[in-house]
Amino acid sequence: MSDPSEKTPPPPVLLGVESVSRSFGGIQALWQVSLQVRPGTIHSVIGPNGAGKTTLFNVITGAYKPDSGRILYRGEEVQGRKVHELVRLGMARTFQNVELFGSMSVLENVLVGQHVRTRCGFLGAVGRWPWVKREEAEARRKGMELLEFVGLEEFASQRSEDLPFGWQRFLEIARALATAPRLLLLDEPASGLNAVETERLGDLLERIRKEGITLILVEHDMSLTMGISDAILVLHQGKKLAEGTPREIQSNDAVIAAYLGSER
């Protein structure tokens, strides 16, 4: 047994955001924001509306290029990379507004997410060689596994736009998982869900973490956030207001003032 007085080195950082700023015209959406996310954790980002949460997601995932600062993913600088390049590196996300292919089936939506990991291109699709058929069959098998994982396997052939809104949220998560991510960013996944669906979402996120996938959430549901997060970053007016464990954030006077408008 090792000496408990010995310091255990911290685990490696999967995602590092270093002093990132981003403005839109005269509006400073982010200012010198830093964040470290360690593998196997659930890290939440909270704050009042307009705090810069989604802008931070967009900078991390390549939708926006930061004006300054660095984004390091697995130790490699990735700011300025295209969205599809980051997906190939193992970074996936969902959006505030559900973004599904409504006329496609539930399973087809998941299969779209797998295209980044398949070898079949245009010529393969035209040629229909045996290896292409095997790859397609394997993709469908994996797609059904993911639908079972999120609880939607019985709706595989149904059009996605016909699903109840809450189930569309779960389908969007399944499609993101189909890209085989190491890091999954979820933008307000509980938005529009009822209490039962939110509880089911919390269970799903814990199971995703157990699969070895690191999660970052932007979320307004404080019960969900405080219940599953290892660490929480609080943004306010584009700046980092606080960061810590759920217990530390709940007792932070600056956070309480930002949410309630007065100091405790």
Side-chain angles (χ1 to χ4, degrees), residues 7-22 29-46 52-95 99 110 112-119 139 142 145-146 149 172-189 204-219 225 228-235 240 243-245:
K7 290 186 178 180
T8 302
V13 174
L14 179 65
L15 177 75
V17 178
E18 298 184 353
S19 301
V20 163
S21 298
R22 170 72 193 204
L30 292 175
W31 177 250
Q32 298 286 301
V33 173
S34 295
L35 170 69
Q36 287 193 336
V37 179
R38 302 191 182 280
T41 62
I42 298 178
H43 208 117
S44 292
V45 181
I46 67 173
K53 303 182 297 295
T54 296
T55 299
L56 177 62
F57 260 36
N58 287 336
V59 168
I60 292 172
T61 57
Y64 298 154
K65 186 176 180 180
D67 297 330
S68 61
R70 301 194 304 167
I71 308 290
L72 292 97
Y73 176 66
R74 301 176 67 192
E76 178 184 354
E77 286 194 36
V78 295
Q79 68 272 9
R81 291 283 191 97
K82 301 296 184 183
V83 173
H84 68 274
E85 294 175 335
L86 295 176
V87 173
R88 287 190 179 278
L89 289 175
M91 190 186 299
R93 71 167 295 181
T94 64
F95 297 85
E99 300 284 350
V110 176
V112 167
Q114 292 192 56
H115 283 173
V116 72
R117 301 296 177 197
T118 57
R119 296 180 298 130
K142 290 181 179 178
E145 282 186 354
L146 286 170
F149 186 75
E172 193 172 38
I173 292 174
R175 186 178 62 185
L177 291 173
T179 67
R182 291 173 179 262
L183 176 64
L184 178 59
L185 298 94
L186 305 174
D187 196 348
E188 297 192 26
L204 174 61
L205 298 182
E206 291 284 11
R207 288 191 289 119
I208 292 173
R209 186 232 295 263
K210 289 179 181 178
E211 292 293 321
I213 299 171
T214 303
L215 294 138
I216 307 179
L217 276 63
V218 162
E219 188 50 68
T225 301
I228 68 172
S229 300
D230 298 296
I232 299 174
L233 167 69
V234 186
L235 294 180
K240 178 191 287 191
E243 188 173 17
T245 65

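Heavy-atom basis, side chains included; hydrogens, waters and symmetry copies ignored.
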### Partner residues of Tyr64 under the ring pair (Phe, Tyr, Trp, His ring centres under 6.0 Å) criterion, sequence neighbours left out
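With neighbours one apart ignored, the set is Phe24.
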**Report entry** Greater than 12 external heavy atoms within 6.0 Å of Arg182's CZ
**Finding:**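 Result for CZ/Arg182: open.
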Qualifying residues under side chain to side chain contact (heavy atoms under 4.5 Å, CB included), relative to [X], sequence neighbours excluded:
X: Ser21; value: Gln28, Trp31, Gln32, Ser68
X: Gln36; value: Val13, Arg38
X: Ala92; value: Ala176, Thr179, Pro181, Leu184
X: Lys65; value: none

Closest non-hydrogen atoms of Val218 and Phe57, given as atom of the first, atom of the second and distance, are CG2-CE1, 3.6 Å
Any idea which heavy atoms bring Ser34 and Ser19 closest together, and the distance?
->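 Looking at all heavy atoms of both residues, the shortest contact is OG-N, 2.9 Å.
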So how far is it from [X] [atom1] to [Y] [atom2], rounded to the nearest 0.5 Å?
X: Gln79; Y: Arg22; atom1: CD; atom2: CZ; value: 13.5 Å
X: Thr54; Y: Leu185; atom1: OG1; atom2: CG; value: 11.0 Å
X: Arg175; Y: Leu177; atom1: CZ; atom2: CG; value: 11.5 Å
X: Ile42; Y: Thr225; atom1: CD1; atom2: OG1; value: 10.0 Å

Is there a side-chain contact between [X] and [Y] in this structure, where contact means two heavy atoms from C-beta onward sitting under 4.5 Å apart?
X: Leu217; Y: Leu205; answer: yes
X: Asp230; Y: Arg209; answer: yes
X: Leu215; Y: Leu186; answer: yes
X: Arg93; Y: Ile60; answer: no
X: Tyr73; Y: Leu86; answer: no
X: Leu204; Y: Phe149; answer: yes
X: Leu89; Y: Arg81; answer: yes
X: Leu56; Y: Leu233; answer: yes

### Task
Given side-chain contact (heavy atoms from CB on, under 4.5 Å), test Thr214 with Leu15 step by step and report yes or no.
CA-CA 10 Å; Thr214 303; Leu15 177 75; over 6 Å; no
Only residue of Val37, Ile232, Leu14 satisfying side-chain contact (heavy atoms from CB on, under 4.5 Å) with His43 is Val37
Note to self: Taking salt bridge (charged side-chain N to carboxylate O under 4.0 Å, His left out) as the definition, give me every residue that meets it alongside Lys240, ordered by chain and number, with sequence neighbours left out.
What the structure shows: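 Lys240 satisfies salt bridge (charged side-chain N to carboxylate O under 4.0 Å, His left out) with Glu243 once adjacent residues are dropped.
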**Request:** State plainly whether the residues Lys142 and Glu145 are in salt-bridge range, i.e. N to O under 4.0 Å.
**Result:**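 Salt bridge flag = no for Glu145 with Lys142.
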